[in-house]
Amino acid sequence: MTLVRTAATASLTLALGVSATDDGVNDILLKAMRDELKRSTENLSMEDMGKPYFLAYRVDEVEGFRVSARFGALDQSSASKRRSLSVELRVGNPMFDNSNFLAGYSGTGGSTTLPLDDDYDGLRRQLWLATDSAYKNAQRRLAGKRAALQNRTRDAIPDFAWVDPVEAFTLADSAAWPIEDAESLARMLSALFKETPSIYESRLQAEKENRRTYYVNSEGTTYVQVTPWAQLRAWAKTQADDGTILTDSEVFNARSEPLPDRKILRAKVRGMAKALSERRDAEPLNRYSGPVLFEGQAAAELFASVFASRLVAVRVPDADGSRYERMALAARNPFADKIGARVLPRFLEVRDDPSLAAYGGHRLHGSYQFDDEGVPAGSTTLVQRGRLRTLLTTRTPIEGFVSSTGNRRGVGPVPSNLIVSTEDGLPPDELRAEFVALIHERGNEFGVVVRRLRGSSAVVQAAMVYPDGREVPIRKAELSGFSASTFKDIVAVSKASHVHTLRFPTSRTSILWQTSAVFGSPRYDAVGSIVLPDLLIEEATLRKPLGNSPRPPVVAHPFFE
């Protein structure tokens, strides 16, 4: 729901001494932000140094809790509420300002908190202090940038791009999940691990976060946006007789809708514990090279961690000294030079769409109406017929990408809802037949199917698949030498797609944090979704994880006795 409110409405609310209106907007906080923004924009200057040409305040009000339990007993239960402030302040001009510069000091500052009480004077005071620090820091960085570049040529790429201002109040239902219910659920689900004595360690963690974001800037943009989120995560660990450590997890996410009912949750947790226990006796895999079928969660995790991180436009900053120049160049995304090149098979397309709330009846968790700069959300086609068309951007231009796609989350561009689609997907039996044909063509005794992956390489659940359909579980393995270019070797995909939720880091590298114009930025991970089919890759390598395994426990697990 998007509301447009008049100034008269806000003034009447303040006159009555009410901190939040019926639409849920805190007018005292918003007035403090607007008033201090106006005063700083008009009056902030020091000696012969210029005023800021751009100033923005972002306040995140976060209310929620974290609960965890082990084997039926709570070990943590804590509710929390906080207000954090970030100030983005730019001096100079859009062509050359204090951002996009890497030197021997950080310009972001620590996280700045605001009072929880709706005390107008107290809020103004903290905004004033944070703005003063941001201004002095910005002037120091701009002077350092000018000194470092005075004898060097520089590409004429602006440091900041203009967008049309917006004003909107986008409100949504909060995640209504009482902490008492989360505690009861954590106890009940964590106790299920007692049924599987081979589980050495386990944890059931429940989290809720209702985030309300207030944003104002000197260009006239104002927005208020609500982002609810809830998560339940079951994690377990065991150890094989040879000492190999084995772990697995099940994760359930929701926004304002409820989590799955308890019957479904119990079945999922029991199934995960059973599968993890059975892997203790599974076959070891020393090395394998050949066709690999990535299914469900494994396909999504692989795409997110290896390929999706290349779909963002990261500015290579100016740098002070050769050491920092090497660091800056290391942050360069090679996909910036691949526009028009084929990066996927011709039958695949990829788009990012934060305006989508659901896909095929499943909730998408990367949905928003405005990004962190107030740029309206919209669909961006990234890959068309296998060829890279563009990258996700913010208001920080890079060569070839001068306008924002509305994907700033934190201080850099981040995917929201990635949709990988095709018109040539295969039904299950045809995909399996293609898999078997590749096994024969390669001359292998078997192929490998990966069903659960952690990060870009850690294989959690996998099996050897023989041409006759027989499957033999693999105890543990890791991918070797897998890169973004490997995705061009996808030979077939499933007709059905799966929805997977995960946290995207808010920058490809720490360079973005060190070179932004943001002071006191709260570093948070952005929750997003990926929709994609199963992926059959012609050639991939798996191997036994490197390193030695610890010895198993000397005394048997007490649940055996």
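Everything numeric here is computed off the predicted structure, so don't read it as measured data.
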Please step through side chain to side chain contact (heavy atoms under 4.5 Å, CB included) for the pair E301 and H500, ending with a clear verdict. CA-CA 8 Å; E301 188 72 23; H500 180 63; 3.6 Å; yes

Going by ring-ring contact (aromatic ring centres under 6.0 Å, His included), name the residues that satisfy it together with F335, two or more places apart in sequence or in a different chain.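 ring-ring contact (aromatic ring centres under 6.0 Å, His included) check on F335 returns F307.
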
Less than 4.5 Å apart, side chain to side chain, heavy atoms only: is that true for [X] and [Y]?
| X | Y | value |
| --- | --- | --- |
| L89 | T131 | yes |
| L232 | V251 | no |
| Q126 | P115 | yes |
| W229 | R211 | no |
| I179 | V67 | yes |
| L536 | L431 | yes |
| R58 | T213 | yes |
| V420 | L348 | yes |

Specify the closest pair of heavy atoms between [X] and [Y], including all atoms of both residues, with the distance to one decimal.
| X | Y | answer |
| --- | --- | --- |
| I537 | I490 | CG1-CG1, 3.8 Å |
| P533 | A299 | O-CB, 3.9 Å |
| L293 | E295 | CD2-OE2, 3.4 Å |
| S277 | S198 | OG-OG, 2.5 Å |
| A186 | A69 | O-CB, 3.6 Å |
| P413 | T394 | N-CG2, 3.4 Å |

Donor-acceptor pair, side chain of [X] and main chain of [Y], under 3.5 angstrom:
| X | Y | result |
| --- | --- | --- |
| T221 | N217 | no |
| T405 | T393 | yes |
| T244 | A240 | no |
| N333 | V312 | yes |
| S133 | A130 | no |
| R451 | Q461 | no |
| S516 | V518 | yes |

Evaluate the ring pair (Phe, Tyr, Trp, His ring centres under 6.0 Å) criterion for residues F303 and F487: first the C-alpha distance (whole Å), next the side-chain angles of each, then the deciding distance (0.1 Å), finally the verdict. CA-CA 9 Å; F303 194 89; F487 285 90; 5.6 Å; yes

Tell me yes or no: between the side chains of [X] and [Y], is some donor less than 3.5 Å from an acceptor?
| X | Y | value |
| --- | --- | --- |
| R395 | S404 | no |
| D352 | T380 | no |
| D118 | N26 | yes |

For [X], what residues pass the side-chain contact (heavy atoms from CB on, under 4.5 Å) criterion, not counting sequence neighbours?
| X | result |
| --- | --- |
| T247 | W235, K237, I245, R454 |
| E195 | L192, R270 |
| A175 | K208, N210, P228 |
| A477 | L285, V459, I474, L542 |

Only distances under 3.5 Å count here; give the side-chain donor-acceptor pairs of residues 259-267 to other protein atoms, sequence neighbours excluded, each with its distance to 0.1 Å.
{"residue": "D261", "atom": "OD1", "partner": "K263", "partner atom": "N", "Å": "3.1"}
{"residue": "D261", "atom": "OD1", "partner": "I264", "partner atom": "N", "Å": "3.0"}
{"residue": "R262", "atom": "NH2", "partner": "S184", "partner atom": "OG", "Å": "3.3"}

Between R409 and D371, does a salt bridge (Lys or Arg N to Asp or Glu O under 4.0 Å) hold up when you go through it step by step? CA-CA 6 Å; R409 305 171 79 190; D371 75 351; over 6 Å; no

Any chance you could measure [X], atom [atom1], to [Y], atom [atom2], to the nearest 0.5 Å?
| X | Y | atom1 | atom2 | value |
| --- | --- | --- | --- | --- |
| L453 | F482 | CG | CZ | 9.0 Å |
| L114 | R124 | CG | CZ | 13.0 Å |
| L85 | D60 | CG | CG | 9.5 Å |
| T196 | L276 | OG1 | CG | 8.5 Å |
| Y288 | T541 | OH | OG1 | 9.0 Å |
| E373 | R408 | CD | CZ | 4.0 Å |

Regarding R255 and the six-membered ring of W177, is the cationic atom NZ or CZ under 6.0 Å from the ring centre and inside 45° of its axis?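 Checked: cation-pi criterion not met.
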
Derivation and outcome, side chain to side chain contact (heavy atoms under 4.5 Å, CB included), residues Y223 and Q369: CA-CA 10 Å; Y223 73 82; Q369 292 200 6; over 6 Å; no

Applying side-chain hydrogen bond (donor to acceptor under 3.5 Å, both in side chains), can you list everything that pairs with [X], at least two apart in sequence or on another chain?
| X | result |
| --- | --- |
| E207 | R66, Q205 |
| D534 | H498 |
| E478 | R543 |
| K274 | E278 |

Are R83 and T113 close enough, and set up right, to give a side chain to side chain contact (heavy atoms under 4.5 Å, CB included), and what steps lead you there? CA-CA 6 Å; R83 275 180 179 162; T113 60; over 6 Å; no

For R475, is there an ion pair with D242 - N to carboxylate O distance below 4.0 angstrom? yes

With side chain to side chain contact (heavy atoms under 4.5 Å, CB included) as the test, would you mind laying out the steps for K31 and Y120 before giving the verdict? CA-CA 8 Å; K31 178 173 171 54; Y120 175 81; 3.9 Å; yes

Pairs under 3.5 angstrom only: tabulate donor-acceptor contacts from the side chains of residues 71-78 to other protein residues two or more places apart or in another chain.
{"residue": "D75", "atom": "OD1", "partner": "S68", "partner atom": "OG", "Å": "2.4"}
{"residue": "D75", "atom": "OD2", "partner": "R70", "partner atom": "NE", "Å": "2.7"}
{"residue": "S77", "atom": "OG", "partner": "E183", "partner atom": "OE2", "Å": "2.4"}

In a table with atom names and distances, give each donor-acceptor pair under 3.5 Å that connects a side chain of residues 354-365 to protein atoms at least two apart or in another chain.
{"residue": "S355", "atom": "OG", "partner": "D353", "partner atom": "OD1", "Å": "2.4"}
{"residue": "R363", "atom": "NE", "partner": "E257", "partner atom": "OE1", "Å": "3.1"}
{"residue": "R363", "atom": "NH2", "partner": "E257", "partner atom": "OE1", "Å": "3.1"}

